[in-house]
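Working notes, beginning with the structure itself.
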Amino acid sequence: MAELSRALSAKGFKLGLYSALSSVQCGNAPGGLYHEGLDAATYAAWGVRYLKYDNCAEYALEPTARVVPMRTALNRTGSPVLFSTEPFDLQPNPRAHLANVWRTTTDIANTVYKVYVNIDLNDRWAEFAGPGGFNDPDMLQIGKLGGNGEDDDVSHFLLWAVAKAPLLLAVDVSTLS
C-alpha cells in the first residue's frame with residue numbers, strides 16, 4: 001500500500017481508504033472499532049491522506065465514543081489525513097466537527113431525484129461548514145444519472161460545488177467522456 005501511495009502521489013493523487021467506526025464495514029469486512037491506534041499508525045505508514053469512516057453497525061454505542069478514538073489516533077500520527085465520518089443523525093448537530101468532513105444525508109443513488117433530495121438535506125447543515133470542516137451530501141454520480149445526460153451531470157457537479165461539498169466520484173473514471 002505504501003508503494004501504491006507513492007505511485008499515486010507521483011501522479012498528483014492522494015490515497016484514500018474506507019473503514020468503519022464499528023466492528024464491521026458495510027460490506028462485512030472488519031471495521032476499525034477498538035483498533036484505532038493500530039489502524040491509524042498503519043494508515044500513516046502507508047501514506048493514506050483520506051479516511052472515510054462509515055457508520056455500519058454498533059448503533060447502540062454513542063457515536064462520539066466511536067469517532068473520537070480514531071480522530072485522536074490519526075492526530076497522534078502527525079500524518080495529514082482528511083477524516084470523513086458517516087452521519088450521526090439527519091438533524092444538524094454540532095458534533096459534526098469531530099471530523100473534517102461529515103455526511104449530512106442518507107446514501108445517494110444514481111437518480112436525479114436522489115441528487116436533489118440529498119442537496120436539500122445538506123442545505124440544513126450549511127451553518128456547520130467552514131474552514132477545516134465540510135458537509136458531505138455523498139459522492140458524485142457523474143456519468144451514471146442517465147435522464148438528461150450531460151445536463152444532469154453538470155447540474156449535479158455545480159450543486160455540490162456551490163455547497164462546498166467534497167467532489168468524490170462514485171464511478172469508474174475510465175468510463176467518463
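The heavy-atom pair separating Ser174 from Asp172 by the smallest distance is OG-OD1, 2.7 Å. Nearest heavy atom pair, residue Cys56 against residue Ala20, reads SG-CB, 4.2 Å. For the residue pair Asp54 and Cys26, the shortest heavy atom distance occurs at OD2-SG, 3.5 Å. Taking both residues in full, the closest heavy atoms of Thr85 and Ala99 are given as CG2-CB, 3.6 Å, listed atom of the first, atom of the second, then distance. Smallest separation of non-hydrogen atoms from Ala129 and Asn135: CB-ND2, 3.6 Å. For the pair Ala163 and Asn122, the tightest heavy-atom approach, listed with the atom from each and the gap, is CB-ND2, 3.6 Å.
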- Message: Before you tell me yes or no, could you show the steps for Val81 and Tyr43 under side chain to side chain contact (heavy atoms under 4.5 Å, CB included), namely the whole-Å CA-CA distance, both residues' side-chain angles and the distance that decides it to 0.1 Å?
- Response: CA-CA 9 Å; Val81 176; Tyr43 299 154; 5.6 Å; no
- Worked verdict on Thr104 versus Leu121 for side chain to side chain contact (heavy atoms under 4.5 Å, CB included): CA-CA 7 Å; Thr104 56; Leu121 286 170; 5.7 Å; no
- Yes or no on side chain to side chain contact (heavy atoms under 4.5 Å, CB included) for Trp46 and Glu3, after CA distance, side-chain angles and deciding distance? CA-CA 8 Å; Trp46 288 348; Glu3 184 57 38; over 6 Å; no
- Taking it one step at a time, do Lys52 and Glu86 satisfy salt bridge (charged side-chain N to carboxylate O under 4.0 Å, His left out)? CA-CA 8 Å; Lys52 165 65 183 241; Glu86 195 60 27; 3.0 Å; yes
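Through chains of ILVMFWY side-chain contacts below 4.5 Å, Leu158 is grouped with Val154. Summarising the hydrophobic clusters (Ile, Leu, Val, Met, Phe, Trp, Tyr; side-chain heavy atoms under 4.5 Å, direct or chained), the residues clustered with Val101 are Tyr50, Leu82, Phe134, Met139, Leu168.
Partner of Ile108 under the side-chain contact (heavy atoms from CB on, under 4.5 Å) criterion, chosen from Ile119, Val115, Leu140: Val115. Screening Thr106, Thr105, Asp107 for a side-chain hydrogen bond (donor to acceptor under 3.5 Å, both in side chains) involving Lys114 leaves a single residue, Thr106.
In this structure, Lys144 places its NZ atom where more than 12 heavy-atom neighbours from other residues, nucleotides or ligands lie under 6.0 Å away. For Phe128, the CZ atom sits in a packed shell: over 12 heavy atoms of surrounding residues, nucleotides or ligands are nearer than 6.0 Å.
In this structure, a donor-acceptor pair under 3.5 Å is present between the side chains of Ser79 and Arg49. Counted by atom type alone, Arg66 and Asn55 present one or more donor-acceptor pairs between their side chains at under 3.5 Å.
Atom CG of residue Asp39 and atom CG of residue Leu33 lie 10.5 Å apart, to the nearest 0.5 angstrom. To the nearest 0.5 Å, atom CG of residue Asn118 and atom OH of residue Tyr113 are 10.0 Å apart. The CG atom of Leu21 sits 13.0 Å away from atom CZ of Arg71, with the distance rounded to the nearest 0.5 Å. For the atom pair Asp138 CG and Asp136 CG, the distance stands at 6.0 Å (nearest 0.5 Å). The distance from the CD atom of Gln25 to the OH atom of Tyr18 is 5.5 Å, given to the nearest 0.5 Å. In this structure, the separation between CG on Leu51 and CG on Asn100 is 10.5 Å, given to the nearest 0.5 Å.
No side-chain heavy atom of Thr111 sits under 4.5 Å from any side-chain heavy atom of Leu145. Counting only heavy atoms from C-beta outward, the side chains of Asn75 and Phe83 never approach each other to under 4.5 Å. Tyr116 is listed as a side-chain neighbour of Ser155, based on a closest heavy-atom distance under 4.5 Å. Put simply, the side chain of Leu15 reaches to within 4.5 Å of the side chain of Leu4, judged on heavy atoms. Within the 4.5 Å cutoff, the side chain of Met1 has no heavy atoms near those of the Val48 side chain. Counting heavy atoms from C-beta outward, Arg103 and Pro137 have side chains that stay 4.5 Å or more apart.
With hydrophobic clusters built from ILVMFWY side chains whose heavy atoms lie under 4.5 angstrom apart, Val112 shares a cluster with Leu169.
Using bins of under 30°, 30° to 60° and over 60° for the plane-to-plane angle, the ring pair His156/Trp160 lands in the perpendicular bin.
Side chain of Thr72 to main chain of Pro69: no donor-acceptor pair is present (N/O by atom type, distance under 3.5 Å, no hydrogens or angles).
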